[in-house]
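These notes concern the structure reproduced below.
Keep in mind that the numbers below use all heavy atoms, side chains included, and drop hydrogens, waters and symmetry copies. Please read all numbers here as calculations on a predicted model, not as lab measurements. Numbers for residues simply follow the sequence, beginning at 1.
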Amino acid sequence: MTMKHSGARKLKEVTNFYSSFDQLNGVHPWMEAVEDGYVSYRVRELQTGKIAYFNFILAKEMGLVPPDHPHQMTEDLENKLIETFSLQIINEYDELTHRRIDPATIKPHRYMATRYLQLQHSNKQGKTSGDGRGIWNGTVYHRGMTWDVSSRGTGVTCLAPGAVAAQKPLKTGGTEFGYGCGLAEIDELLAASILAEVFHLQGLKTERVLCVIDLGKGYGIGVRAAPNLIRPAHLFLYLKQEKYESLKAATDYFIDRQVANKVWDITPKGNQKYDALLEYVCDSFATFTAQLDSDYIFAWLDWDGDNVLADAGIIDYGSVRQFGIRHDKYRYDDVERFSTNLNEQKQKARLIVQVFAQMVDYLKTRKKKPLRVFSKHPVVENFNKKFDEKRAERILYRMGFNETQRGHILAEKDLFANFDKEFIFFERAKVSGSIEKVADGVNHPALYNMRAIFREYPKFLFESPLPFEKRRMLESSFFKAIVSGFAKARDARMGEKQRRHIEFFQEAYRDLVTAAAGKQKPETILKGLSERAEKLNNAKRITGNALIEMVEEIITEKKKGLSMDQLQKIVDRLVYESNGSPEVPVSRFYRELQNTPAVKMDLYAKLLSLVEENSESI
């Protein structure tokens, strides 16, 4: 590899420059805390692959590379990443067939594939399910924070749905049984790299991708990191199996990590700490689900707590999508079943909290009661109230109101509710017709684009020369602004019903602005409101369809010789351009991206055009 950066050349002179990666040797505290919580595997170095993506910012936050490391791959760094992450398990099939493996390539420590509950398995107690194609690399400790690191695409484990269905060990790479290959597709990994970082910059709790290794033939290894990668499903399987000691050990481990990372402040000992856990879980899931709902993010929540982090965050990007408008009838087709939809995520999150309530009661009493007993639990009952509060807060945030202004609005009884009634009328309307097939599922498209009016209406109010109380957008202009590209001819005609709701919407919106201004005149806050709304509702929104097409374009360019450094700069720039979320605290390392050139400008422009073309899609 030829280095173009003088600073990068100097890095090669320091032999232990990347020694922080040595922490990731397969040893993880979960293995000691929950002895039956995993299946362990010997692991071998593949000694092959190329780095397709490396998250320099995340690596700096984790202390894996120095803060002043240039955003450029060095030969030493690439070698270290391949050594650390280009791994494959020696699974049951390998052992059974006595596969010849060079002993020099076998890592000294065994790595774990964790056990957790999964609805897609016939056994609904988690006895056969868990990490089907992944292993945990270990933990990294830096500046008071412990990070979990795991990899996917490292070989098929006995916990894979395919292996369970086959009732025999499977060879890694085989495709005879669904979810039994053990490998990860490179397009899936690159898509997760981009979307996870975009969500992080929007203030959503999420796993993030540290590294992607291209193994060739369309496959790769993706390395994820987060302060805590435990899912509710890691705990729920012991509840379903009524394994009290294992559940207590797993839950205590989870609480201790959250407290040590200063995410939760839980000081009580004994059973009281489980009550505190339940309160935190309820608040976290209400906040998270309200964000998903108002930001149009589909994450396939279900009661098993598989596709979500235990402290409420996104994990597993295979079916995660960001919609351009409210496509709340979209369902992902997972071959054997359809997913939940956006509207159902609130109820599924409440059900997860209800299972936590059942779990906490079991931990306190050692007696497992039926789940239905906890449907009226005070904390579970409080979930809907918290969700509604968080949703109102989030919608006002997305409209451009700052924290003080949101406080003024929400302090006035029924003010937001009056606006919300008109907002929902438009937001949830669908085009004429019924549910139809799409590439990876089914959908009934949304008729109106409310992000467009959130962007355009405050701008109109700000620019209007009339007294504030007389600033009304023409109904025809309003309607034209909100009608989505999915509208059919008959949908694009404004009737008397639409006129009436447009009038009510504008009146309710102006009432919000008046309340938000407090003791000031409403006109004084319009400039700031308009500027924030423009950022928060930018038309350049990376939807699921846009991401798929972008990654296809990137892979095509990679085959033509697009270098990792070029790809890195383009992805970094795309992520930075998506950072339009005020009030979201981000790492100081993002400032380095301000001057990052997208070296291959024609490709960068093409990717941006794909974003714009798909700005309203699923």
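- Side chain to side chain, Thr543 and Ser617 meet the donor-acceptor criterion of an N or O pair below 3.5 Å.
- Using modelled atom types, one side-chain atom of Arg331 and one backbone atom of Ser339 make a donor-acceptor pair closer than 3.5 Å.
- Scored by the salt bridge (charged side-chain N to carboxylate O under 4.0 Å, His left out) test, Lys50 finds no partners at all (sequence neighbours excluded).
- At least one donor-acceptor pair closer than 3.5 Å links the side chain of Ser193 to the backbone N or O of Leu189.
- When atom types are taken as modelled, the side chain of His327 and the backbone of Leu342 share no donor-acceptor pair closer than 3.5 angstrom.
- In this structure, Asp256 contributes its side chain and Tyr253 its backbone to no donor-acceptor pair below 3.5 Å.
- Checked by atom type, the side-chain pair Gln345/Asp293 shows no donor-acceptor distance below 3.5 Å.
- In this structure, Glu613 places its CD atom where more than 12 heavy-atom neighbours from other residues, nucleotides or ligands lie under 6.0 Å away.
- Here the side chain of Asp131 pairs a donor or acceptor atom with the backbone of Thr114 at under 3.5 angstrom.
- Between Phe199 and Tyr317, the two ring planes are tilted [angle within 30° to 60°].
- Looking at heavy atoms from C-beta onward, Cys158 lies in side-chain contact with Val39 at the 4.5 angstrom threshold.
- When the options Asp304, Asp316, Asp311 are evaluated for a side chain to side chain donor-acceptor pair (under 3.5 Å) with Arg231, the one that passes is Asp316.
- Between the side chain of Ser615 and the backbone N or O of Arg541, no donor-acceptor pair lies under 3.5 Å.
- Ring-centre distance between Tyr330 and Phe298: below the 6.0 Å cut-off.
- If you look at Phe236 and Phe356, their ring centroids are closer than 6.0 Å.
- The main-chain N or O of Gly132 is never found under 3.5 Å from a side-chain atom of Arg152 such that the two would form a donor-acceptor pair.
- The backbone N or O of Thr146 lies less than 3.5 Å from a partner atom in the side chain of Asn261, making a donor-acceptor pair.
- Of all the heavy atoms in Leu301 and Thr340, the pair that sits closest is O-OG1, 3.4 Å.
- Within the 4.5 Å cutoff, side-chain heavy atoms of Phe54 are placed close to those of Met564.
- The backbone N or O of Val209 sits less than 3.5 Å from a side-chain atom of Asn55, completing a donor-acceptor pair.
- Side chains of Arg326 and Asn343: a donor-acceptor N/O pair is present below 3.5 angstrom, by distance only.
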| message | Please determine whether side chain to side chain contact (heavy atoms under 4.5 Å, CB included) holds for the pair Ile315 and Arg224, giving the CA-CA distance in whole Å, both sets of side-chain angles, and the decisive distance to 0.1 Å. | response | CA-CA 9 Å; Ile315 190 169; Arg224 61 161 61 105; 3.9 Å; yes

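- In this structure, Ile51 and Cys211 have side chains that are in contact, with non-hydrogen atoms separated by less than 4.5 Å.
- Within the 4.5 Å cutoff, side-chain heavy atoms of Asp36 are placed close to those of Tyr238.
- The closest side-chain heavy-atom distance from Glu207 to Ser150 is not below 4.5 Å.
- For the pair Lys60 (side chain) and Val65 (backbone), a donor-acceptor distance under 3.5 Å is absent.
- Pro227 is not listed as a side-chain neighbour of Arg257, based on a closest heavy-atom distance of 4.5 Å or more.
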Q: List the steps and the verdict of salt bridge (Lys or Arg N to Asp or Glu O under 4.0 Å) for Asp94 and Arg42.
A: CA-CA 11 Å; Asp94 298 327; Arg42 292 192 298 156; over 6 Å; no

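- Screening Glu95, Lys107, Arg110, Glu92 for a side chain to side chain donor-acceptor pair (under 3.5 Å) with Tyr41, the sole residue that qualifies is Glu92.
- Looking at Leu567 and Ile554, their side chains come closer than 4.5 Å, going by heavy atoms from C-beta outward.
- Looking at heavy atoms from C-beta onward, Leu215 lies in side-chain contact with Ser86 at the 4.5 angstrom threshold.
- With Glu61 as reference, Arg208 is the one residue of Arg208, Arg143, His142 to meet the side chain to side chain donor-acceptor pair (under 3.5 Å) rule.
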Open item on the list: For Ser151 and Asn137: C-alpha separation, side-chain torsions, deciding distance, then whether side-chain hydrogen bond (donor to acceptor under 3.5 Å, both in side chains) applies.
Closed with: CA-CA 7 Å; Ser151 296; Asn137 303 86; 2.8 Å; yes

